[in-house]
Amino acid sequence: MITVSDKAKVKVEHLMQEAHLDDTYRLRASVAGGGCSGLSYKLDFDNEVKPMDQEFEDKGVRVVVDMKSFLYLAGTQLDFSDGLNGKGFFFDNPNASRTCGCGESFSV
């Protein structure tokens, strides 16, 4: 399962309203090769669920993940920071053995 913090929930809802997205859209989390640690996180909104997608709902936020990415993201919490040390979404991923300084890439 992928969970969503309270701060991330508020930000996701705000972004969806700002983009005029209806309730057919979900937050799509995925992993792609790249970044200084080897794998990078990606977030987007998507209104299409593919046959092998895993779908979760936490705090009213629906999250969709393709099966390959789910192998890397199982147990991860999506959070949001607006503090002085950086602003944006970040992943608290228990599967990551190493992360880069910016927090946008990881390795297992």
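Sequential numbering from 1 along the given sequence is applied to the chain's residues.
- Taking the charged nitrogens against the carboxylate oxygens, Lys7 and Asp82 do have a contact shorter than 4.0 Å, which makes a salt bridge.
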If you apply the rule side-chain contact (heavy atoms from CB on, under 4.5 Å), what do you find for Lys11 with Lys9, and how did you get there? CA-CA 5 Å; Lys11 188 63 176 180; Lys9 172 193 179 344; over 6 Å; no
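- Aromatic rings of Tyr25 and Phe45 (six-membered ring for Trp) have centroids beyond the 6.0 Å cut-off, not under it.
- Under the side-chain hydrogen bond (donor to acceptor under 3.5 Å, both in side chains) criterion, Asp58 pairs with no residue, sequence neighbours left out.
- Here the closest non-hydrogen pair linking Arg28 and Asp46 is NE-OD2, 2.7 Å.
- Residue Lys42 qualifies as open at atom NZ: its count of foreign heavy atoms under 6.0 Å is 12 or below.
- Between Phe91 and Tyr41, the two ring planes are parallel [angle under 30°; tilted spans 30° to 60°].
- Not counting sequence neighbours, Arg62 has no partner by the salt bridge (charged side-chain N to carboxylate O under 4.0 Å, His left out) test.
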What verdict does the side-chain contact (heavy atoms from CB on, under 4.5 Å) test give for Leu27 and Leu43, after you've listed the backbone C-alpha separation in whole Å, the side-chain angles of each residue and the deciding distance to 0.1 Å? CA-CA 7 Å; Leu27 184 66; Leu43 282 177; 4.0 Å; yes
Would Val65 and Val63 satisfy side-chain contact (heavy atoms from CB on, under 4.5 Å), going step by step from the backbone distance to the final call? CA-CA 7 Å; Val65 184; Val63 181; 4.1 Å; yes
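- Residue Phe90 comes nearest to Ser81 through the heavy atom pair CE2-CB, 3.7 Å, listed as atom of the first residue, atom of the second, then distance.
- The salt bridge (charged side-chain N to carboxylate O under 4.0 Å, His left out) search around Glu57 returns none, not counting sequence neighbours.
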